[in-house]
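Presented below is the structure to which this report refers.
In what follows, chains are A, B, ... by sequence order, proteins preceding strands, each numbered from 1.
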Amino acid sequence: MTIRGCSGVVTETEAYQPDDPASHSFPGPTKRNAAMFGPAGHAYVYRSYGIHWCLNVTCGHGHGVLLCAGEPLEGLALMASRRGTSAPRLIETGPGRLAQALGVTDADYGRPFSAPDFFIDEGPPAKILTGPRIGITKAADWPRRYGLKGSRHLSRRFPSSV
DNA sequence: ATATCGATGCTCT
DNA sequence: GAGCATCGATATT
């Protein structure tokens with residue numbers, strides 16, 4: 001993951017699909033979720049609780065993946081200053097925190113992840129943990145939260161994570 | 001250590 | 001006008 005000079009490893013995601021009651025795409029295409037029904041591989045950004053920005057990767061046809069946490073690598077100082085903390089653990093652990101650290105706002109809405117300074121690439125094979133989702137009121141128990149096994153940079157621990 | 005609670009603005013009913 | 005895919009601070013074990 002590289003966003004305007006800041007890079008890191010995506011350590012945690014959540015998946016949403018159109019038949020998921022918790023998904024923003026559930027009610028069908030609207031003005032806000034338009035990007036989710038657009039082409040895959042683009043940014044879907046929304047404001048959460050009137051305060052935070054959250055960043056998703058569109059997968060086409062109303063599907064999307066929320067970036068929940070990451071491990072910051074390059075651009076650490078910039079991300080720390082944007083977050084107002086120097087604790088590496090607290091820079092990108094959480095959807096709102098991650099977007100804030102990367103400087104992502106609605107200005108990036110609909111932007112394709114295909115530019116040299118704005119992309120997400122595939123890392124080496126990794127063990128992935130699965131568990132119920134966090135912070136939602138509907139269908140929270142759907143096992144669509146995915147985390148990098150052994151990473152300290154997760155928004156929360158996974159249940160019975162070995 | 002966990003639990004609760006307020007802030008804040010936008011979307012959809 | 002309600003509800004929300006959050007965070008951080010404060011209160012309580």
Side-chain angles (χ1 to χ4, degrees), chain A residues 1 3 6 8-72 75-76 78-113 118 120 128-148 151-161:
Chain A
M1 173 176 71
I3 307 286
C6 297
V9 178
V10 178
T11 57
E12 180 184 339
T13 64
E14 284 181 7
Y16 293 87
Q17 56 181 296
D19 63 352
D20 176 355
S23 174
H24 287 177
S25 59
F26 182 67
T30 65
K31 180 173 182 180
R32 174 163 100 246
N33 65 26
M36 286 187 84
F37 290 92
H42 290 231
Y44 164 52
V45 183
Y46 70 95
R47 197 196 278 285
S48 174
Y49 289 84
I51 304 174
H52 310 282
W53 294 109
C54 293
L55 174 62
N56 300 246
V57 182
T58 65
C59 298
H61 302 94
H63 297 249
V65 173
L66 171 66
L67 302 185
C68 293
E71 176 179 353
L76 207 60
L78 178 56
M79 291 195 273
S81 76
R82 281 200 281 240
R83 286 278 305 117
T85 178
S86 58
R89 279 281 315 268
L90 298 178
I91 291 180
E92 286 187 341
T93 50
R97 292 167 175 170
L98 183 144
Q100 188 188 5
L102 295 174
V104 170
T105 68
D106 62 340
D108 294 306
Y109 188 97
R111 192 167 171 196
F113 287 102
F118 197 89
I120 298 175
I128 303 296
L129 303 172
T130 306
R133 295 178 292 185
I134 289 176
I136 56 178
T137 57
K138 290 171 263 185
D141 55 324
W142 288 28
R144 284 189 175 63
R145 177 175 175 241
Y146 307 104
L148 191 60
S151 176
R152 271 189 344 284
H153 299 261
L154 300 173
S155 58
R156 292 193 201 171
R157 293 203 100 67
F158 277 75
S160 67
S161 66

**OP:** For the residue pair A/Ile128 and A/Leu148, establish whether any side-chain heavy-atom pair is separated by less than 4.5 Å.
**Re:** yes
Original post:
If only atom types and distance count, is the side chain of A/Tyr109 paired as donor or acceptor with the main-chain N or O of A/Arg32 below 3.5 Å?
Top reply: yes
Original post:
Is the cationic atom of A/Arg144 (NZ for Lys, CZ for Arg) positioned less than 6.0 Å from the six-membered ring centroid of A/Tyr16 and within 45 degrees of its normal?
Top reply: no
Original post:
Can a donor-acceptor pair under 3.5 Å be found between the side-chain atoms of A/Tyr49 and the base atoms of B/dA7?
Top reply: no
**OP:** For atom CZ of A/Arg156, decide whether the heavy atoms of other residues, nucleotides or ligands shown that lie under 6.0 angstrom number more than 12.
**Re:** no
**OP:** Measure from the side-chain N and O atoms of A/Arg145 to the backbone N and O of A/Phe158, and report whether any donor-acceptor pair falls under 3.5 Å.
**Re:** no
Original post:
Side chains of A/Leu66 and A/His24: does their closest heavy-atom pair fall under 4.5 Å?
Top reply: no
Subject >> Among C/dT6, C/dC4, B/dG9, the nucleotide that comes nearest once only the side chain of A/Thr137 is considered >> reply: C/dC4
Subject >> Close residues, residues 19-37 of chain A, relative to DNA chain B [heavy-atom separation under 4.0 Å] >> reply: A/Thr30, A/Lys31, A/Arg32
Subject >> Pairing partner of C/dC4 (Watson-Crick or G-U wobble, both distances under 3.5 Å) >> reply: B/dG9
Original post:
Minimum heavy-atom separation for A/Ser23 to A/Gly62, with atom names?
Top reply: OG-O, 4.4 Å
Original post:
Rounded to the nearest Å, what distance is computed from the CD atom of residue A/Gln100 to the P atom of nucleotide C/dA5?
Top reply: 20 Å
Original post:
Just checking A/Ile136: base, sugar-phosphate only, or nothing, at a heavy-atom cut-off of under 4.0 Å?
Top reply: sugar-phosphate
Original post:
What do you reckon, are the aromatic ring centroids of A/Phe113 and A/His42 less than 6.0 Å apart?
Top reply: no
Original post:
Contact class for A/Arg83 vs. all strands (heavy atom < 4.0 Å): base, sugar-phosphate, or nothing?
Top reply: sugar-phosphate
Original post:
Where along residues 85-98 of chain A does a heavy atom fall under 4.0 Å from DNA chain C?
Top reply: A/Gly94, A/Pro95, A/Gly96, A/Arg97
